[in-house]
Amino acid sequence: LKSDLSRMGGLVEKLCKDGIEAFLSGNTSMIDSCINQDKEIDALEKSINEKTMKILALQAPMANDLRMIISSLRIASCLERCGDYGKNLGRRSSLALNEEILSLIRGMRRLGEAALLNLKNSLDAHATGNVDFAKQVCSGDTDIDKIYLSIFAKIISEISNSSEQSVSNLSQMLLAAKTIERIGDQATNIAELTIFSETGEIVEDSRTKLK
């Protein structure tokens, strides 16, 4: 079960990275690859769900084992959502990279790098059972939110002075930014579930709220 979850995490990392790169580079040739990767992730989530149900039914696990199984189910769900986000970013790679869009690319790359780093770190924390590292991942979500809000403010400013076509492109960019930010949110969820699995502590949304 742990091996399957680790494999799923690796596949999700790759898909999210590919989806972000496809979107930011306008590489439409990666769309089919992103879709196929997501199908593989969905199949693996189904396998993990079936294995956890079998373990629960046949072995009646308790204490640490039960927490690990419960957290594995929920982490698999978080990873499946991240896979969907990566696929959706790849599908948006046909966005026209005009001057207004290109001016936002640097910030979007920073956002993508931060979200991918948090995802990697959350999976590493889970694989090693490192609670302190998991708590650091939770703290890192605030940095992702700050980058997202900066991009959000810039896009809203651009929209107010743009043509109808530019507004459409900028709206797609805003949706993409939110999708990447959600990858960071799911990474934080994985870190919180790791803390629960290792200690039994239920973390009540540790993220700092930004306005």
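In what follows, every heavy atom counts, from backbone to side chain, and hydrogens, waters and symmetry copies are set aside.
Considering Lys14, Arg7, Lys87 in turn, Arg7 is the only one that fulfils the salt bridge (Lys or Arg N to Asp or Glu O under 4.0 Å) rule with Glu40. Of the residues listed (Ile20, Leu174, Leu89), the one engaging Thr179 in a side chain to side chain contact (heavy atoms under 4.5 Å, CB included) is Leu89, and it is the only one. Results of the side chain to side chain contact (heavy atoms under 4.5 Å, CB included) test with Tyr85 over Ile183, Ile180, Asp38 single out Ile183 as the only residue that passes.
Note that the CG atom of Leu5 and the NZ atom of Lys2 stand 9.5 Å from one another [nearest 0.5 Å]. The CD atom of Glu13 lies 9.5 Å from the NZ atom of Lys17; values are rounded to the nearest 0.5 Å. To the nearest 0.5 Å, atom CD of residue Glu45 and atom CD of residue Glu50 are 10.5 Å apart. Residue Ile155 holds its CD1 atom at 12.5 Å from OG of Ser160, rounded to the nearest 0.5 Å. From Asn49, atom CG reaches atom CG of Leu44 across 10.0 Å, with rounding to the nearest 0.5 Å. To the nearest 0.5 angstrom, Lys51 atom NZ is 7.5 Å from Leu1 atom CG.
Hydrophobic clustering (side-chain heavy atoms under 4.5 Å, transitive across Ile, Leu, Val, Met, Phe, Trp, Tyr) keeps Met8 apart from Ile35. In the hydrophobic clustering of ILVMFWY residues, with side-chain heavy atoms under 4.5 Å counting as a link, Ile41 and Leu116 come out together. Note on Phe133 and Leu119: separate hydrophobic clusters, where clusters join Ile, Leu, Val, Met, Phe, Trp and Tyr whose side-chain heavy atoms are under 4.5 Å apart, directly or indirectly. The hydrophobic clustering, which links ILVMFWY residues whose side-chain heavy atoms are closer than 4.5 Å, places Phe23 and Leu175 apart. Side-chain heavy atoms closer than 4.5 Å link hydrophobic residues (I, L, V, M, F, W, Y) into clusters, and following such links, possibly through other members, connects Ile55 to Phe196.
Of all the heavy atoms in Ser93 and Asn27, the pair that sits closest is OG-O, 3.5 Å. Closest non-hydrogen pair, Ile195 versus Thr199, comes out as O-OG1, 2.6 Å. The minimum heavy-atom distance linking Ala114 with Ile147 is given by the pair CB-CD1, 4.1 Å. Annotation for Cys34 and Gly90: closest pair SG-CA, 4.1 Å, computed over non-hydrogen atoms. When every heavy atom of Thr188 is checked against every heavy atom of Val137, the shortest pair comes out as OG1-O, 4.2 Å. Minimum interatomic distance between Leu111 and Tyr148 (heavy atoms only, all atoms of both residues): CD1-N, 4.0 Å.
A salt bridge between Glu113 and Arg110 is absent, with no side-chain N of the basic residue lying under 4.0 Å from a carboxylate O of the acidic one. Between Arg109 and Glu21, at least one side-chain nitrogen of the basic residue sits less than 4.0 Å from a carboxylate oxygen of the acidic one, meeting the salt-bridge criterion. A salt bridge does not link Glu192 to Arg74: none of the charged nitrogens lies less than 4.0 Å from a carboxylate oxygen.
In this model, no donor atom of one side chain and acceptor atom of the other lie less than 3.5 Å apart for Gln136 and Asn121.
Judged as a side chain to side chain donor-acceptor pair (under 3.5 Å), and not counting sequence neighbours, Asn118 has no contacts.
For the pair Leu79 and Leu11, the minimum side-chain heavy-atom distance is 4.5 Å or more. In this structure the side chain of Leu170 never reaches within 4.5 angstrom of the side chain of Ile156, judged on heavy atoms.
The environment of Ile202 atom CD1 is sparse: at most 12 non-hydrogen atoms of other residues, nucleotides or ligands sit within 6.0 angstrom. Within a 6.0 Å radius of NZ in Lys54, other residues, nucleotides and ligands contribute 12 heavy atoms or fewer. With a 6.0 Å radius and a threshold of 12 heavy atoms from other residues, nucleotides or ligands, Arg67 has its CZ atom above the threshold.
In terms of modelled atom types and a separation under 3.5 Å, the side chain of Ser139 and the main chain of Lys135 share a donor-acceptor contact. Checking side-chain atoms of Thr194 against main-chain N and O of Ile190 turns up a donor-acceptor pair under 3.5 Å. Panel note: side chain Asn88, backbone Asp84; a donor-acceptor pair is recorded below 3.5 Å. At distances below 3.5 Å, not a single donor-acceptor pair connects side-chain atoms of Ser157 with backbone N or O atoms of Ala153. For the pair Ser77 (side chain) and Leu73 (backbone), a donor-acceptor distance under 3.5 Å is absent. Side-chain atoms of Ser72 come within 3.5 Å of backbone atoms of Met68 as a donor-acceptor pair (strictly under, hydrogens ignored).
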Q) Where do Arg182 and Lys178 land on the side chain to side chain contact (heavy atoms under 4.5 Å, CB included) test, with the steps shown first? A) CA-CA 6 Å; Arg182 284 174 175 166; Lys178 185 60 181 176; 3.9 Å; yes

